[in-house]
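I have placed the structure first, in the form of structure tokens, so that the comments after it can refer back to it.
Here is how names work: the chains are called A, B, and so on, in the same order as the sequence lines, proteins then strands, and each is numbered from 1.
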Amino acid sequence: MQLDHSKIERKWQEYWKEKGLFRTADKPKRKFYNLVMFAYPSGDIHMGHCKNYVIGDVYARYLMRKGYNVLHPFGWDAFGLPAENQAIKMGVHPETWTLDNIRTSDESLKLLGISYDWDREIITCLPDYYKWTQWMFLLLYERRLAYKKEAYVNWCPGCQTVLANEQVIDGICYRSNCRAFIEKRKLNQWFFRITEYADRLIEGLDRLDHWSENVKTMQRNWIGKSVGCNIVFTVLDHDIRLEVFTTRPDTIYGVTFMSIAPEHPAVDALIKGTSFEPAVRRYVKDAMKRTERERVEKTKDGVDTGCYAVNPINGDKVPIFVADYVLPEYGSGVVMGVPAHDGRDFQFAGQYGLPIRVVINPPGAQLDAGSMNEAYEEPGVMVDSGQFSGLDSVSGAEAVTRQLAERGLGGPSVNYRLKDWLISRQRYWGAPIPIIYCENCGMVPVPAADLPVLLPENITDFVPKGRSPLAAVDSFINTVCPNCGEKAKRDPDTMDTFVCSSWYFMRYLDPHNDREFCAREKADQWLPIDQYIGGGSEHATGHLIYFRFFTKVLHDAGYLSLDEPAVDLFNLGMVLKNGEVMSKSKGNAVPVRNFIDKHGADVARLTILFAAPPEREMEWSDEGVTGAERFVQRMYRLVSENQCVINGERPDQISGENEDLYIKINQTIAKVTGDLESFKYNTAIAALWELMNALYGTRERDSVFGYGIYTMIHMLSPFAPHLADELWSMVGGKGSLVEQPWLEYDKRYAESKIKTIVVQVNGRVRSHIEISGSLAEEEVKKLALEDERLRRYLEGKVVRKTVYVRDKIFNLVVE
RNA sequence: GCCGAGAUGGCGGAACUGGGAGACGCGGCGGACUCAAAAUCCGCAGUGCUGAAAGGCGCGUGGGGGUUCAACUCCCCCUCUCGGCACCA
């Protein structure tokens with residue numbers, strides 16, 4: 001009796017669809033927003049992608065059966081470079097390629113039986129979606145959170161576009177097919193002022209109790225808040241003020257030089273016309289050529305400007321250097337050099353023979369500048385610091401800051417590592433930036449009524465040339481000014497795809513609305529996301545910050561009442577094969593369709609679920625498939641051979657042989673239910689397997705046995721829904737188990753009647769006592785002392801102490 | 001360097017709040033069925049020593065210490081693996 005998986009899978013998928021079981025009603029009573037991170041459509045999906053979808057689906061199906069009104073949507077993050085690169089390589093239009101991929105992948109997801117509400121599918125590259133992405137841009141523009149500025153930005157020579165900070169990894173382009181070294185270029189680009197939300201993005205993390213510490217810590221580090229002080233140094237014989245940011249104003253007396261970034265605008269004025277000019281210019285030119293990576297790896301060097309800065313606290317005159325270890329975009333691009341108490345300054349001073357002046361001593365010790373071989377960076381006691389000497393460095397820092405503020409030479413300041421989000425891209429396949437440049441009126445936002453600014457389709461040359469391909473499309477670029485009606489030009493750039501994904505979770509709530517991105521009423525009904533199931537921590541410092549930022553902006557603008565999008569975040573581990581992340585480009589992908597043709601969707605699902613706990617990485621192995629396949633066949637056989645004893649009634653007379661089985665059944669329901677709620681799907685399946693083994697081992701095929709199979713069928717439904725529904729109909733069930741409430745267990749039989757007390761001597765297991773009911777310590781002790789097996793351990797020994805954990809363990813401590 | 005996660009049989013992995021380590025599966029071995037094989041079913045199994053056998057005695061959760069009647073679990077030190085950040089003043 002073999003199971004024809006393709007037949008039953010098709011049958012039940014059709015039934016679910018016809019009955020609209022996964023279409024979400026719009027007036028949710030017990031709502032649950034279960035969101036799986038949407039995906040980039042890069043060809044057909046493979047088993048590596050499926051893990052996310054299957055895990056999200058198990059949870060969704062369980063919640064539906066628990067009576068929740070579950071919103072479980074899916075969509076596609078469809079803009080982006082791969083489509084465009086494909087267009088260049090194969091001559092296909094990016095839209096064609098993308099939509100083809102989506103069609104194929106949708107079919108595969110349907111073959112897997114994922115319970116998405118397909119009516120809500122969103123595709124970010126379609127005008128009815130990106131219209132609202134553009135609307136979001138305008139909202140940020142209006143609120144002065146989108147702005148254009150000339151700045152040194154990350155330029156990827158491979159992709160021929162600028163990138164956000166978050167997209168540069170170790171000085172290299174984040175795209176796995178590119179990996180080019182990033183260059184710095186000074187360009188005029190659009191930014192989102194995410195730094196304005198830096199503090200709130202940090203504070204909000206404290207309210208996200210259900211997010212993993214891991215992701216929260218990564219976000220805190222990424223935002224990188226530093227509390228310190230600004231200090232103004234004047235330059236001798238120049239009308240220049242150099243402002244520095246430091247977290248250690250307590251080391252101000254230890255300043256023996258200043259370093260200024262090569263990009264700093266003051267460099268020019270410092271050296272103009274002096275004998276130092278040629279050397280400095282040469283240094284600056286070389287520095288600008290270096291990538292960030294090269295700068296980090298080379299030794300700390302610099303060049304003297306011949307100028308001197310004046311220490312505002314003690315009037316010391318110190319030389320000013322240009323040095324490329326100073327980051328132009330952090331703080332003010334100038335640092336005060338304190339070699340005794342900063343590792344980098346120590347190295348730099350060593351290189352140029354600059355004096356080292358100790359101004360902080362470790363508690364109870366004294367440093368000697370001459371014998372130091374590294375900087376002392378810890379807090380301590382201030383010395384050689386004028387009126388501040390003797391203060392501990394923490395309160396000293398405050399005192400110095402206070403005095404600077406009083407004299408108008410500085411004051412408290414906060415700096416962030418986080419930088420504003422650069423969102424312009426010089427590429428075609430993205431949402432056009434809705435801005436028009438008019439000779440009379442300047443920069444003019446496209447009026448909301450004119451949205452969307454459509455991406456022109458009549459374009460064939462996608463080869464990047466350092467500017468957006470849209471710049472060459474006259475019909476797109478040339479327009480009229482919405483203000484004055486004169487000829488004007490559109491912005492040729494498109495937006496970073498991460499803008500599209502920053503708000504997608506709201507579009508699902510109202511996907512067909514053509515007047516708003518989402519009706520307020522629906523947002524209020526459905527948000528927040530109750531469970532966000534994400535594809536790993538690679539999004540921690542990108543998407544997962546951006547979508548929080550957008551939520552806060554929309555909150556402030558009055559469109560949302562909440563300001564954190566997701567209550568609970570679950571990070572899944574990736575799927576590996578042969579030790580590497582499964583992906584098409586690595587050639588180790590297991591295609592979904594082939595797999596389903598051969599083994600079926602339920603086997604695919606069980607293989608993924610059983611192999612490892614969801615949060616952990618899993619190594620794909622064909623052996624796991626064997627197990628899942630065997631499970632399905634055994635289950636099918638169990639039901640088909642015993643159909644007559646299964647009636648779904650909970651037996652009320654439990655006695656005799658099958659009482660233990662009945663207890664096992666109830667324990668399994670409790671275990672599986674608990675595991676479903678905490679994403680422990682591997683152990684849930686193990687529990688089902690145990691119950692199946694128990695059923696196979698049962699001789700008396702009575703009503704308890706029948707009920708055991710019945711509950712197995714029920715509990716199988718989130719994991720292997722097609723098989724479960726088929727078995728359900730075989731035993732006379734109506735419709736799908738999705739329509740049935742989840743099982744409750746019989747509390748009277750949740751515990752074994754017979755318990756085993758483990759008897760230990762000095763912590764080693766030496767015997768067991770079987771009991772029914774419960775025993776007091778005295779009784780156990782009596783039984784233990786009479787126990788034959790214990791005699792040899794107790795003979796000639798004195799019982800010094802006993803420990804009893806009721807009905808569980810009894811330990812005799814003897815000597 | 002900093003932050004985070006992890007290390008358990010041949011393999012994937014289990015173990016509640018400190019209470020019988022190794023559930024469940026894969027692979028392996030033995031048996032049944034079969035002319036035979038596959039499939040299926042039943043059984044065995046961490047490891048060393050000992051015993052004809054039932055069994056007995058040790059050792060065992062990356063390494064070393066500690067707390068405890070009792071430690072995979074708690075504390076201290078160390079090693080390795082993975083992920084993130086990294087000249088952030």
Out of B/G4, B/A89, B/G20, which nucleotide sits closest to the side chain of A/Val758?
B/G20
If we take the C1' atom in both B/G9 and B/A45, what is their distance in whole Å?
10 Å
Interatomic distance at P, B/A5 relative to B/U61, whole Å
23 Å
Between A/Val805 and A/Gly697, which has a closest nucleotide on RNA chain B that is more 5'?
A/Val805
Can you check whether A/Arg630 has a side-chain N or O nearer than 4.0 Å to OP1 or OP2 of B/C26?
yes
Less than 4.0 angstrom between a side-chain N/O of A/Asn693 and OP1 or OP2 of B/G25, yes or no?
yes
When we call it a touch if two heavy atoms are under 4.0 Å apart, what does A/Thr626 touch: a base, just sugar-phosphate, or nothing?
sugar-phosphate
Are A/Trp421 and A/Phe498, when compared by the centres of their aromatic rings, separated by less than 6.0 Å?
no
Per A/Arg634 side chain, nearest of listed nucleotides B/A89, B/A14, B/C42
B/C42
Check the distance between B/G28's P and A/Glu623's CD and give it to me in whole angstrom.
10 Å
Distance in angstrom units between A/Gln760 CD and B/A71 C1', rounded
12 Å
Distance check needed: B/G27 C1' versus A/Glu629 CD, whole Å only.
16 Å
Does a side chain donor of either A/Tyr283 or A/Asp324 reach within less than 3.5 Å of an acceptor in the other side chain?
yes
Side-chain heavy-atom pair A/Tyr352, A/Phe257 within 4.5 angstrom cut-off
no
Please tell me which of the listed nucleotides, B/G19, B/G25, B/G84, lies nearest to the side chain of A/Trp689?
B/G25
Would you please test A/Asn415 and A/Ser226 for side-chain hydrogen bond (donor to acceptor under 3.5 Å, both in side chains) and show each step?
CA-CA 5 Å; A/Asn415 262 275; A/Ser226 293; over 6 Å; no
Rounded to whole angstroms, how far apart are CZ on A/Arg616 and P on B/A5?
14 Å
In whole Å, measure the gap between the P atoms of B/G60 and B/A21 for me.
13 Å
Now, which nucleotide makes the Watson-Crick or G-U wobble pair with B/A21, with each of the two distances under 3.5 Å?
none
Which part of the nucleic acid, if any, lies within contact of A/Val326, taking any heavy atom under 4.0 Å across all strands shown: a base, the sugar-phosphate backbone alone, or nothing?
base
Have a look at A/Gly624 and say if it touches a base, only the backbone sugar-phosphate, or nothing, with a 4.0 Å heavy-atom cut-off.
nothing
Just compare B/A15, B/A89, B/C41 and give me whichever is closest to any side-chain atom of A/Lys680.
B/A15
Looking only at side-chain N and O atoms, does A/Ser212 come under 4.0 Å of OP1 or OP2 in B/G4?
no
Tell me the interatomic distance from A/Arg806, atom CZ, to B/C69, atom P, rounded to whole angstroms.
23 Å
Is A/Glu213 paired with A/Lys216 through a side-chain N to carboxylate O contact shorter than 4.0 Å?
yes
Strictly by Watson-Crick or wobble contacts shorter than 3.5 Å, is anything paired with B/A7, and which nucleotide is it?
B/U79
What's the closest nucleotide to the A/Arg766 side chain, out of B/C24, B/G58, B/G19?
B/G58
Taking any strand in view, what nucleotide pairs with B/C29 in a Watson-Crick or G-U wobble way, both distances under 3.5 Å?
B/G43
Once you apply the 3.5 Å cut-off to both distances, tell me the Watson-Crick or G-U wobble partner of B/A14, or none.
none
Can you see which heavy atom on A/His341 is nearest to which on A/Glu377, and at what distance?
O-CG, 3.6 Å
Counting side-chain heavy atoms from C-beta on, which of B/G13, B/C41, B/A89 comes nearest to A/Leu327?
B/A89
Of B/A23, B/C85, B/G20, the nucleotide closest to the side chain of A/Glu690 is B/A23
OP1 or OP2 of B/A86 sitting under 4.0 Å from any side-chain N/O of A/Arg417?
yes
Which value, in whole Å, describes the distance between the P atoms of nucleotides B/C41 and B/C26?
10 Å
Report which part of the nucleic acid A/Asn811 touches: base, sugar-phosphate, or nothing (heavy-atom distance under 4.0 Å, all strands).
base
Take atom C1' in B/C3 and the same atom in B/G12, then report the distance between them in whole Å.
29 Å
Counting side-chain heavy atoms from CB outward, which of B/C85, B/G20, B/A89 is closest to A/Val765?
B/G20
Quick one: look up who B/U34 pairs with, Watson-Crick or G-U, both distances under 3.5 Å, and put none if it's unpaired.
none
B/U73 to B/G64 separation - P atoms, rounded to the nearest Å:
13 Å
Please work out if A/Glu213 contacts a base, only the sugar-phosphate, or nothing of the nucleic acid, heavy-atom cut-off 4.0 Å.
nothing
Regarding A/Val335, tell me which of base, sugar-phosphate or nothing describes its non-hydrogen contacts under 4.0 Å with the strands shown.
base
Rounded to whole angstrom units, what separation is found between the CG atom of A/Asn682 and the P atom of B/G25?
14 Å
Given atom OH of A/Tyr376 and atom C1' of B/A89, what is their separation to the nearest angstrom?
18 Å
Quick check on B/G9: syn or anti? Syn means the glycosidic torsion is within 90 degrees of zero.
syn
Please state the C1' separation for the pair B/U40 and B/G63 - nearest whole angstrom.
46 Å
Need one value for A/Thr756: base, sugar-phosphate or nothing, where a base atom within 4.0 Å counts as base even if backbone is also close, heavy atoms only.
base
Under 4.0 Å between any heavy atoms, over every strand shown, what does A/Arg764 touch: base, sugar-phosphate, or nothing? Just pick one.
sugar-phosphate
Of A/Ala612 and A/Tyr696, the one whose closest RNA chain B nucleotide lies more 5':
A/Ala612
For B/A39 versus B/G27, give the span between their P atoms, rounded off to a whole number of Å.
9 Å
Between A/Asn230 (CG) and B/A89 (P), how many Å, whole number?
13 Å
Would you please indicate yes or no on a ring centroid separation below 6.0 angstrom for A/Phe346 and A/Phe348?
no
Determine, for A/Tyr416 and A/Lys419, whether the Lys NZ or Arg CZ falls below 6.0 Å from the six-membered ring centre while staying within 45 degrees of the axis.
no
Please pick, from B/G13, B/C24, B/C16, the nucleotide with the shortest atom-to-atom distance to any side-chain atom of A/Lys808.
B/C16
With a 4.0 Å cut-off on N to O distance, would you call A/Lys664 and A/Glu690 a salt bridge?
yes
Of B/A89, B/U40, B/C26, the nucleotide closest to the side chain of A/Arg637 is B/U40
